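These figures come from a predicted structure and were not determined experimentally. Throughout, a chain's letter reflects where its sequence line sits, starting with A, and its residues are numbered from 1.
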Amino acid sequence: MFDLLSALDFLSFGFYPDIDKWRLVLAIVIIPMHAVLTVFCVKNRYRLSYCLVLTLGLQMLTLWLSIGDGAILRSVKLDELSGLCLNLLLAYWSIPLATILAAGICFILINASSKSLAYILGLFFDLIRSLPLVTLLFFNTLILPMLFNPKLIITRLEAAWITLIFFLCAYTIQIFLGAYEAISYHQHESAKALGISGWKKYRHIDLPQMLKHSLPALISTYIGMIKDTTLVMIIGLADSLGNLQLLISRNAYKHYYIEFFFILGFLFWLTCTLCGWWGKQLERTSNYGKT
Amino acid sequence: MINSNHRILSIVLWLAIFGIITAMISNLHLHISRQNLEFGFDFLLQRSGFDIGDTWITHQANMPYWNAILSGLVNTIIVAAFGIVIATLLGLVLAIMAKAPFVIIKSVSDVYINIFRNIPLLVQILFFHTLLINTLPEVNNAYTIGASYVTNRGIYLPTTSPWVLIPIITLPYFFITRRIKTGVFLSVISIGILYFSQWEHPVLNRFNLSGGGSFSIEWLALVIALSLYTASYIAEVMRGGFEAISYHQYETARALNISYIKMMRHVILPQAKPIFLPALLNQYLNLTKNASLGIAIGYPDFFGVTAGTILNQSGRALEMIFIVMVVYSLVNYFSITMISKISHPQWKRHV
């Protein structure tokens, strides 16, 4: 029997337990709220550290909502996450973390006193950038459990999560370094004249300008990341695309494959378009000084 | 940029990196010894024991593993070559449409770019694969076009000796470099060769087609999806290049009563080419890397063969990871060297 609602439910939530679906809905609703809050913070020129705390707090909140803790919320295994929610949450859990990590690594690359350290870090992230994401996902599910202690069990989803973070981080570092080059040398000279150096210079002079310069490129990388979360299907995770394949392999839905592909395509199109629109808003609000 | 205040930071980071690497290597060693794995590349010379159906370099069960890797690599290169040619042509058309003075043509290009850029490539690949499999007919009632057949297993074409193709492939070169007489002479000769050469036609049996050459349905879906997806990016890149040209050039061309297509061909494109070429090559590199998504529909490209078939069959995970890393890094290294060379201002001046 053809049932569109249950099919859509399967497409978006997958194998997540029925009773706990409200938690996942709540976690998904938090994502656009976070986006709006970020624009609000930028508009009112709050400190960057407040944004950082807000981001990390909301990340923890969504993680808590989706997997629970056993005491207040019933605990659900991370591997039971599936459907479109898995795509969105994977993107949401990797994008801010990767950006923060990239900002930290840029500080090392810019300020490290030993050139060889910067060289080795650069080589590592260049290697990541030269490989397609599929190969990284595929191999990390094999090799990551081997690199850690045998007692530590790393599931496929965790391996995929780590891979996505490092993959996005490698591209974001490149964007940040490009943005660092775009900062006028007068800024560096003024900082030197005022005796500001190291972390203080990076935090108060370089990073705000880097973030502003790199915003368009960052947003297009984020959109790429949202699209790339579908690749976790290849390592066997039940994301929206995997669920779609399961769905159209059933007899009842077999003849409606075009409709289901169009629905999924539309959902991704909507997400990416909204992300691009959010980026435009952020660009407009962060454009201080200009009228 | 070197700051003496951060010497301590560097030392701590060095120690951390060494610690992490040592721990990882020791854990790896523990796992390898526990699971009785062995590390070495001599297995590449052994008999592979599996066939690959859809290759340009034949691979059969009695051939060694390295031949399988080679045929996968050739598959990837051919997918990338076809994809790059189609995507560039389509992207160029879309970019020229995007700057056209008619709203309808402009919006067609805008809608195309907006849709194909914002839908994941994997969704597109799977969509085209499912679509082709479900809409094309079964083998026993295949569409027949001349001596070639279109079925839901692939397109079967008559083949001839590959050497015949050489004058046809070199033809565009003579026309592009305006050696028209040589080109016409060569085309007459190649038509003659094609007419008189020995053709091997595909034969329709009861359940399958034998003989001739074929493009498999996976190949077709992969090339269609890759080129449609990348065309939208290439169109954006080229449009950026067109927009970097001063508007005086457009206005001058219009004042001289040059038609829109001719203006693009003779005035804008030669100036925009050095501007968008580095980004264009970057898109080519992306397309080549994205060809590894063929593993989702079972196309035996380089990654599909190494990580899919050989890894499952021989269980040599570390070696396969090493090979894939080295090959993709080399490809990346050479293309990045090329990109940085042509994006050098000195080179641009001579264009």
Whatever's closer than 4.5 Å to a heavy atom in chain A on B:Ile20 counts as neither
Can you tell me how the ring of A:Trp199 sits relative to the ring of A:Phe107, calling it parallel under 30°, perpendicular over 60° and tilted otherwise? perpendicular
Give the member of B:Leu126, B:Leu131, B:Asn286, B:Val331 that has the highest number of heavy-atom pairs under 4.5 Å with chain A. B:Leu126
With a 4.5 Å cut-off on side-chain heavy atoms, are A:Leu218 and A:Phe176 touching? yes
Go through the atoms of B:Leu311 and report whether side chain, backbone, both or neither lie under 4.5 Å from a heavy atom of chain A. side chain
B:Tyr233 portion near chain A, given a 4.5 angstrom heavy-atom threshold: side chain
Side chain, backbone, both or neither: which part of B:Phe303 has an atom under 4.5 Å from a heavy atom of chain A? side chain
Part of B:Ile295 lying under 4.5 Å from any heavy atom of chain A: side chain
Checked A:Leu142, A:Leu133, A:Asp228, A:Thr230 vs chain B; the most non-hydrogen pairs under 4.5 Å come from A:Thr230
Can you give me the closest heavy-atom contact between A:Pro132 and B:Ser292, atom names plus distance? CB-OG, 3.5 Å
Where on A:Thr229 is there a heavy atom nearer than 4.5 Å to chain B: the side chain, the backbone, both, or neither? neither
Between B:Asn114 and chain A, with a heavy-atom cut-off of 4.5 Å, which part of the residue counts as in contact: side chain, backbone, both or neither? both
Establish, from distance only, whether the side-chain atoms of A:Gln209 and A:Tyr180 form a donor-acceptor pair under 3.5 Å. no
At a heavy-atom distance under 4.5 Å, which candidate from B:Ile115, B:Leu121, B:Leu28, B:Ile336 has the highest pair count against chain A? B:Leu28
So which part of B:Leu30 gets closer than 4.5 Å to some heavy atom of chain A, the side chain, the backbone, both or neither? side chain
Is B:Arg34 close to chain A through its backbone or its side chain, or both, or neither, when contacts mean heavy atoms under 4.5 Å? side chain
Considering only heavy atoms, which portion of A:Leu231 lies under 4.5 Å from any heavy atom of chain B: side chain, backbone, both, or neither? both
Given a strict heavy-atom distance threshold of 4.5 Å, which part of A:Ile248 is in contact with chain B: side chain, backbone, both, or neither? side chain
Give a yes or no on whether the backbone of B:Tyr299 and the side-chain of B:Trp219 come within a donor-acceptor separation of less than 3.5 Å. no
Please report the closest heavy-atom contact between B:His31 and A:Phe148, naming both atoms and the distance. NE2-O, 3.4 Å
Nearest-0.5 Å distance that lies between atom CD1 in A:Ile95 and atom CD1 in A:Ile223: 9.5 Å
Would you please say whether a donor-acceptor pair under 3.5 Å links the side chains of B:Asn75 and B:Asp301? no
For the student: nearest non-hydrogen atoms of B:Leu44 and B:Ile69, plus distance: CD2-CD1, 3.7 Å
Need one label for A:Leu117: side chain, backbone, both or neither, based on atoms under 4.5 Å from any heavy atom in chain B. both
Looking only at heavy atoms and a cut-off of under 4.5 Å, which of A:Phe268, A:Phe266, A:Phe261 has the most pairs with chain B? A:Phe261
Minimum heavy-atom distance between A:Lys227 and A:Cys272, given as atom pair plus value: CG-SG, 3.8 Å
Measure B:Ile32 against the heavy atoms of chain A and call it side chain, backbone, both or neither at under 4.5 Å. neither
Tell me, for A:Ile258 versus chain B, whether the close heavy atoms (under 4.5 Å) come from the side chain, the backbone, both or neither. both
Plane angle bin for A:Phe166 and A:Phe125 - parallel if under 30°, tilted between 30 and 60°, otherwise perpendicular: parallel
